[in-house]
Amino acid sequence: MSLNRSFFVPIDSPLHRLNPLTKLTFVFAMIISAFLSVPDMAPALAVLVLLTGFIGKVQRQYRTVLLKLILPAILFMFVMQSVFLPGGETILIQVGRFDVARENVRAAFLTVSRVFVMVSSFAILLLTTHPSKLMADLTRRGLPPQLAYVIISTLQILPQMQAKAQTILSAQRSRGLDTESTFLKRVRAIVPLVGPLVFGSLVEVEERAIAIEARGFTSPRAKTFLYEVPDTRADRLIRWTLVIFTLLSLAARIWLS
Amino acid sequence: MRIEIKDLHFTYPSGVQALRGISLTIESGEQVAIIGQNGAGKTTLARHLNGLLQPTSGEVRIGYWDTRRYSTAKLAARVGYVFQNPDEQLFSRDVHMEVAFGPKNLGYPKERVEALVSEALEMTDLLQKRETNPYDLSPTWRKMVAIASVIAMDTPIVIFDEPTTGQDAATIERIANVIRVLRERGKTILTITHDMDFCAENFERVIVMSQGQVLLDGKANDVLGQEEILATTYVEPPQLTRLGKRLGFKETVRNEEEFLTALQKRWRI
Ligand SMILES: Nc1ncnc2c1ncn2[C@@H]1O[C@H](COP(=O)(O)OP(=O)(O)OP(=O)(O)O)[C@@H](O)[C@H]1O
Ligand SMILES: [Mg+2]
């Protein structure tokens with residue numbers, strides 16, 4: 001099984017060409033501003049992130065992530081918060097025994113915007129940045145390689161688990177396990193799957209640790225880099241802009257409230 | 001049980017055209033070897049036979065079942081498929097559970113499951129290892145577990161995807177024996193292999209694939225004799241066959257018996 005599984009979409013686009021640190025700065029600038037600045041900022045940032053997602057030529061993949069992953073989660077949160085948050089004066093409608101208050105809908109909208117900014121900006125980073133390049137760049141800037149390894153494995157673990165689950169499901173179906181027809185059967189099919197999935201992942205982690213050790217991972221010598229990651233003047237400009245933007249948005253919070 | 005494949009095309013989502021128009025009929029009880037270079041599409045073809053992959057166009061019939069209309073779980077009652085990579089096939093805690101998984105799913109009564117499991121374990125020499133976790137076995141033994149877990153399902157069709165790769169002589173003999181036993185029971189057997197000696201010694205019909213198409217299909221001796229065509233898909237006939245050719249034998253030979261008979265015939269003249 002390929003070790004390079006990740007969300008990354010291997011094409012060329014303006015977002016792909018940006019230095020990884022620039023995109024990472026973008027992610028954190030957006031998250032910090034959305035959570036810590038004045039409340040009204042979050043929805044505006046959500047729109048900004050959404051538009052950014054459509055700059056790269058990854059619209060198709062971005063849309064898939066949006067529709068399949070982010071939107072369902074967010075809708076669920078929105079409904080739950082609107083309906084179940086207690087208090088609130090201006091009642092809009094009633095759902096069963098619960099009152100939906102205007103204040104709560106507003107709060108829910110805010111939370112949802114924040115979560116959207118967080119998840120969506122990360123998705124953009126992951127879709128347009130090869131994990132190895134991200135880590136090469138950060139390691140070059142002084143991140144300990146051990147930490148880089150931990151981060152990179154974490155980024156890869158979800159798609160890897162997914163692929164592995166698919167493989168095991170194929171194997172089980174080939175031996176007569178009905179995983180397709182009814183919901184109950186699906187649930188029953190998952191039970192025998194959990195063990196091998198976790199166990200297989202553990203075995204994989206150990207094997208990978210041995211493999212990288214055999215290739216001198218902990219060697220104390222100064223290491224060279226396989227990837228040249230360009231860092232242009234534009235990158236630096238964007239990064240500084242983002243930093244200043246974040247500072248201003250924090251300042252706005254202090255002065256305006 | 002009969003396998004019928006009509007003008008089968010398959011393209012992977014990545015855009016690789018793995019199969020480009022395969023038409024084949026394999027009769028009930030036939031033993032067929034499929035050979036051909038890496039990437040020829042052999043595994044892709046095998047995965048169509050139990051519905052793990054669905055044709056992009058064309059059709060596959062197992063008995064009278066069209067694989068598009070039956071789930072893999074249903075087809076499993078007819079087609080047992082030993083994966084090329086046992087690591088993609090095994091998932092249970094111990095060998096016994098692994099081997100019993102298939103027959104249990106097929107709904108056989110308890111005694112029959114136990115009988116089938118014991119028999120499969122015996123045929124593959126795994127009786128001593130029935131309590132072991134498959135992950136603690138060497139890759140070669142994991143392959144045997146994969147084989148046992150499929151033959152225990154007692155399906156009319158059995159597919160082996162490269163069963164002998166990386167195995168020592170004793171294990172290859174064990175696998176050949178499994179195939180012999182299945183043949184006596186009238187099973188239809190498809191074996192994908194790069195092991196030309198194994199192919200020559202155990203199969204009467206040989207199909208050669210190249211770039212998603214069938215290059216040659218016929219009696220083992222006829223196919224293995226076509227050295228030039230085989231070379232286009234990087235297949236070399238067995239050594240004895242090539243030696244027979246060099247010695248100028250009129251007929252193609254593929255095993256020791258045939259070689260010796262041909263040699264004696266020559267000497268008498
Ligand atoms: N999951 C997949 N996704 C995309 N392409 C694939 C996939 N699996 C196989 N292929 C491609 O399809 C073609 C046929 O592959 P296949 O595995 O069927 O060949 P094979 O004859 O079994 O080869 P081998 O002898 O190496 O096992 C190859 O070009 C391969 O790269
Ligand atoms: Mg193969």
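So you know, we letter chains A, B, ... as the sequences are listed, proteins then strands, and number each from 1.
In this structure, CD on Q89(B) lies 11.0 Å from OG on S170(A), to the nearest 0.5 angstrom. Going from atom CG of L106(B) over to atom CG of L177(A) covers 10.5 Å, rounded to the nearest 0.5 Å. Atom CD1 of I159(B) sits about 9.5 Å away from atom OG of S174(A), to the nearest 0.5 Å.
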(request) Begin from the C-alpha positions of R175(A) and S149(B) and carry the test side chain to side chain contact (heavy atoms under 4.5 Å, CB included) through to its verdict. (result) CA-CA 9 Å; R175(A) 280 195 277 145; S149(B) 65; 3.3 Å; yes

(request) List the steps and the verdict of side chain to side chain contact (heavy atoms under 4.5 Å, CB included) for F101(B) and Q172(A). (result) CA-CA 8 Å; F101(B) 184 85; Q172(A) 294 184 330; 4.0 Å; yes

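At most 12 heavy atoms of other shown residues, nucleotides or ligands fall within 6.0 angstrom of atom CD in E122(B). Counting heavy atoms of neighbouring residues, nucleotides and ligands inside a 6.0 Å radius, atom OH of Y108(B) exceeds 12 of them. Heavy-atom contacts from other residues, nucleotides or ligands closer than 6.0 Å to NZ of K74(B) number 12 or fewer. Environment of NZ in K129(B): crowded, with over 12 heavy atoms of neighbouring residues, nucleotides or ligands closer than 6.0 Å. Enclosure of atom CD in Q146(A) by more than 12 non-hydrogen atoms of other residues, nucleotides or ligands within 6.0 angstrom is indicated.
Looking at every heavy atom in both residues, R173(A) comes nearest to L52(B) through NH2-CD2, 4.3 Å.
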